[in-house]
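The structure appears below as structure tokens.
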Amino acid sequence: MANIQLTFPDGGVKEFPKGITAREVAQAIGPRLAAEALAAKVNGQLVDLSSRIEASAPLEIITPSSPEGLELYRHSSAHLLAAAVKEIFPEARPGIGPATDTGFYYDFAREKPFTEDDLKTIETKMQELAKANLPYERLEYPKADGLKLFEQQGENLKCELIQEKAEAVFPVYRTGNFLDFCRGPHVPSTGRLKAFKLLSVAGAYWKGDEHGLPLQRIYGTAFFTRKELDEHLTRLEEAKKRDHRRLGTELDLFSIQDEAGPGLIFWHPKGGLIRKEIEDFLREELLRQGYDLVYTPHVARVDLWKTSGHLSFYQENMFTPIQLEDAAYQLKPMNCPFHILIYKNTRRSYRDLPVRLAEFGTVYRYERSGVMHGLLRVRGFTQDDAHIFATPETVEAEAGACVDFALMLFKVFGFDQYEVELSTWDPNDRAKYSGEASQWELAERSLESALRRRKIPFKRMVGEAAFYGPKIDIKLVDTLGRFWQLSTVQFDFFLPQRFGLEYTGADGQLHQPLMVHRALLGSIERFFGVLIEHYAGAFPVWLAPVQAMVLPVSDKHLEYAREVADTLRQAKIRARLDDRNEKLNARIRDAQLQKVPFMLVVGDREAQARTVALRRRDTGDAGSRSLDEVRDWIRQLIDTRAAKW
Ligand SMILES: [Zn+2]
Ligand SMILES: [Zn+2]
């Protein structure tokens, strides 16, 4: 028998008989590897452990610690789910069942909706099938035979997929009685699936077509160990408690109203106050850092969007134009062309640069109605936007200042973990990009050196730049370890050219300025959503809509309570008096539910000594304190924008 040579990831080469299976290779290497092996990668291609290797090739055994391991494991769990569903509900017709970032799902066509109880029954069946340790058996069928097989079982959705996608001979996987049209690979047998859980069922459409066949999508998740699964479930539970849509209602922060339309945010008084604090802080910093504040319209003639190129590159994200008597007008999806018009309105010399124009600019973008999500995905939102027009000499300092600004903001808002990505062009595919090579090199160098100088670790994303320039993206990490893409510092070589932007250089000649778009919080709406979830609605004192609640023990203490509230208000502390005719405990509970940072209880003793009995929302009773001391302390927490105290 002929031998083949297999090259392992460590560079080692071993000889094996031709036709050996990947499983046998793993066994030859060692029993531990064989026990952990999930699949193999031969010549860069993932295959089942049972597949035979017919030629010399690089080979890697996939285990739970391989980057590909979890996806394969979760996709195998999706098969297990479908197998269980078919056992209990033979009439359900499976669609597709992929792995996702956090688990897996499988779509089914079935008239009766799956209930919570059904999910439990299905999960129990999955456990049974996992225990039976059924192999994921790979079969191959000529197209006509395979089609007939699925037709006989009434699997019309699978037949449609086979007709569209299958080759002349195509693979079918069998798990128990369940047959699936799938390329594979999978874990070797169901016994390998140790920790999975079904989470929910939601509506979906066949092939994602809103007018197509409605399906039921069963979501689940799977991990290699019970411990990881439990941790994930705890995080999900915590995320549910922190859901900004729920807290937005409970704390009366914002609403989205059917009568007005989806994806449009109404900021209620309390949410509005928080937004005002965020904006005040930003404005103060913008002015301190040499930005100019501008205001621009919400609509402009369509011609402007033709010049800017948005009409050709961005149209699917734009609202349809409004026809007026002189021209068609477009709601703005971005602020850039407006800031450019302000730049262009004045003759500029190199001495005037950098010009930094900042605006809380409200933009409107078209999103399909199905994808909107609370504050996180909307149709109208406000960017903390700015455009910087700079000379080549100053552009690195500008890029660096943007990064410093972003990191300072994150810190103040209580986030101390973040990740930075530098997206560059693909130098092998230059035709894709606008702008000169020299511009790209200068811009990429400035961004990179701004990061290096600050010793900020970053991931380089080659080929991930927009066609008009390289960028830095900063993602922050919240309390639950979730990533949120907020800040972008983005070069643009396209718009200055389209609009013919100029400045007079020191040489007396006209030059094109470098332009940088930058948004630090991104969308104020979305940032508010992130903030609500990060703090679970318990905002730091400076952001809390009500900072102190004064609670008289009884009516007898009302006069002193008023005085306390007044004293705080004089110090510009947002204090409220709860003099409702309710038991003290009930009023404390209400203030606690509203996540008011401080409760000041006043009774006989306090009135006499001019003190308050202080309660914190996080740790409860904080003892008796003098009124002045409490006032000064709260004032100081506000002034320093303390994230903790
Ligand atoms: Zn599969
Ligand atoms: Zn812009």
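Numbers here simply count residues along the sequence, with the first being 1. We count ligands from 1, going down the list as the structure has it; atoms in each ligand are counted the same way.
The environment of CD in Gln45 is sparse: at most 12 heavy-atom neighbours from other residues, nucleotides or ligands sit within 6.0 Å. Taking a 6.0 Å sphere around CD of Glu279, one finds it holds more than 12 heavy atoms contributed by other residues, nucleotides or ligands. Other residues, nucleotides and ligands contribute at most 12 non-hydrogen atoms within 6.0 Å of the CD atom of Gln315. Under a cut-off of 6.0 angstrom, the local environment of CG in Asp145 is crowded, with over 12 non-hydrogen atoms contributed by other residues, nucleotides or ligands. At most 12 non-hydrogen atoms from other residues, nucleotides or ligands lie less than 6.0 angstrom from OH of Tyr205.
If you put the vertex on the Zn ion (ligand 1), SG of Cys182 and NE2 of His79 sit 120° apart, to the nearest 10°.
Only protein atoms were considered; those of element N, O or S under 2.8 Å from the Zn ion (ligand 2) number 3.
Seen from the ring of Tyr73, Arg192 does not count as a face-on cation partner, given the 6.0 Å and 45° thresholds.
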